[in-house]
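A short worksheet on the structure shown next.
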Amino acid sequence: MKRLAHALLGLLLVFGLTLAAFVALSWAPDLPLDELKARWAPPPSQFVEIDGMSVHLRDQGRRDDPEPILLLHGTSASLHTWDGWVKELAKQRRVISLDLPGFGLTGPFPDDDYRVEHYTGFLRSLLDHLQVSRVVLVGNSFGGQLAWRFALAHPERSARLVLVDAAGYPRNAESVPIGFRLAGIPALAPLMSRLLPRSMIESSVRNVYGDPDKVDDELVERYYQLTLRAGNRQALRQRFAQAPSGELHERIGELQLPTLIIWGGRDRLIPPDNAERFAADIADSQLVLFDDLGHVPQEEEPQRTVAVLVAFLQR
């Protein structure tokens with residue numbers, strides 16, 4: 001009996017030490033906003049007041065463009081995901097990129113409302129502030145869902161639509177990054193608000209690339225640090241709860257504007273059959289599939305993928 005008690009005590013001690021080590025290595029409180037801005041918001045970044053938020057955006061390229069390009073990133077990303085595209089597009093067009101509310105340096109909505117219609121209202125306020133009447137909507141993943149929903153709500157302000165591995169139809173993921181899976185478990189909320197293993201971020205980013213070897217330390221560090229912006233972890237959980245997958249997908253066929261669909265053939269989060277559904281539902285749309293790329297083709301291979309967009313805009 002004593003041996004059993006000692007064995008159990010030993011196991012509990014080992015478990016306690018292991019748990020303590022995990023907590024110590026994964027402890028990740030929010031990072032100061034000024035520290036994050038210093039690293040991730042150099043010029044031409046700016047911050048503008050929209051709907052009670054200090055919104056991180058970049059407004060680049062020619063000022064006389066009648067239909068600027070608006071770039072909308074996906075879940076847990078930031079405007080940096082478009083850097084490669086902006087470098088090329090800004091040579092001839094006005095290009096606006098931003099950190100959507102709940103992500104990057106912009107931080108959470110003040111009212112904790114993460115429904116898609118609230119995001120579309122925010123975009124309308126943003127365009128009003130920038131005095132832009134019509135835009136080319138370009139969105140990746142959640143940003144793609146936001147792009148087509150905005151086009152439905154405001155066709156008069158939507159010149160063209162570009163969907164890059166866009167969300168829209170009921171979820172049929174083949175593989176979901178571990179960070180997204182944990183964020184969807186309410187019981188883990190108190191834990192995840194203080195713990196964030198960097199290895200989990202690395203695993204999540206590698207999961208959405210067609211070639212995980214392209215993921216380097218700088219890329220992981222960017223995703224990791226921007227997740228630690230105050231309020232972003234809570235916002236992610238709320239958005240998953242408030243914006244269900246597939247909402248209003250039956251209206252996608254109502255879209256009547258020139259549409260380009262770009263997709264990664266190795267996307268396991270939103271598989272390529274979703275691209276085929278968009279192409280079938282949106283009349284006269286164009287689909288371009290990159291067999292070797294994953295969920296964020298604009299980030300994984302910017303030069304090769306932006307060439308398709310440039311050709312589309314020149315038509």
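Everything numeric in this text was worked out from a predicted model, so none of it was measured.
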By the definition side-chain contact (heavy atoms from CB on, under 4.5 Å), identify the one residue from Ile261, Leu255, Val138, Val136 that meets it with Leu161. Leu255
Atom pair CG/NE2 of Leu36 and His56 - distance to nearest 0.5 Å: 11.0 Å
Lys/Arg-Asp/Glu bridge criterion (N-O < 4.0 Å) met for Arg266, Glu301: no
Euclidean distance, His129 NE2 relative to Leu127 CG, rounded to 0.5 Å: 11.0 Å
NE2 of His154 to CZ of Arg149, rounded to nearest 0.5 Å, is 11.0 Å
Using the ring of Phe150 (Phe, Tyr or Trp, six-membered ring only), decide whether Arg157 places NZ or CZ under 6.0 Å from its centre and within 45 degrees of its axis. no
Think Arg304 forms a cation-pi with Phe290, using NZ or CZ under 6.0 Å from the six-ring centre and within 45 degrees of its axis? no
Would the distance check show the side chain of Glu300 and the main-chain N or O of Gly210 forming a donor-acceptor pair, the cut-off being under 3.5 Å? yes
Just one of Phe103, Trp82, Phe142, Trp85 clears the ring pair (Phe, Tyr, Trp, His ring centres under 6.0 Å) bar with His73, so which one? Phe103
Would you call the rings of Phe109 and Phe122 parallel, tilted or perpendicular, where under 30° means parallel and over 60° means perpendicular? perpendicular
Please check if the side chain of Thr120 supplies one atom and the backbone of Glu117 the other of a donor-acceptor pair under 3.5 Å. yes
Okay, side chain of Thr81, backbone of Ser78: is any donor-acceptor separation there less than 3.5 Å? no
Looking only at non-hydrogen atoms, find the nearest pair between Arg198 and Asp217 and report the distance. NH2-O, 3.2 Å
Donor-acceptor under 3.5 Å (Tyr209 side chain, Lys214 main chain): no
Parallel, tilted or perpendicular: which describes the rings of Phe278 and Trp263, with under 30° parallel and over 60° perpendicular? tilted
N/O donor-acceptor pair under 3.5 Å between Asp216 side chain and Leu219 backbone: yes
Ignoring hydrogens and geometry, is there a side-chain-to-backbone donor-acceptor pair from Thr259 to Leu257 under 3.5 Å? yes
At what distance, to the nearest 0.5 angstrom, does CD1 of Ile50 lie from CG of Asp128? 8.5 Å
Electrostatic pair Asp59:Arg94 at N-O distance under 4.0 angstrom: yes
No-hydrogen, no-angle side-chain donor-acceptor test under 3.5 Å, Gln238 and Gln242: no
Can a side-chain donor-acceptor contact be found between Ser45 and Trp40 if the only test is distance below 3.5 angstrom? no
Does atom CG (Asp111) have a neighbourhood of more than 12 heavy atoms from anything else shown, all under 6.0 Å? yes
Short question: side chain of Asp165, backbone of Ser141 - any donor-acceptor pair under 3.5 Å? no
Using modelled atom types only, decide if a donor and an acceptor are shared between the side chain of Thr106 and the backbone of Gly102 within a distance under 3.5 Å. no
Is it the case that the side chain of Arg229 and the backbone of Leu105 share a donor-acceptor pair, with hydrogens and angles ignored and the cut-off at 3.5 Å? yes
Within a 6.0 Å radius of atom CD on Gln303, are there more than 12 heavy atoms belonging to other residues, nucleotides or ligands? no
Does Arg171, at its CZ atom, have more than 12 non-hydrogen atoms belonging to other residues, nucleotides or ligands within less than 6.0 Å? no
Sidechain N-carboxylate O distance under 4.0 Å for Arg134, Glu156: no
For the residue pair Tyr119 / Asp113, report whether a side-chain donor-acceptor contact shorter than 3.5 Å exists. no
Any donor-acceptor pair under 3.5 Å linking the side chain of Asp267 with the backbone of Val208? no
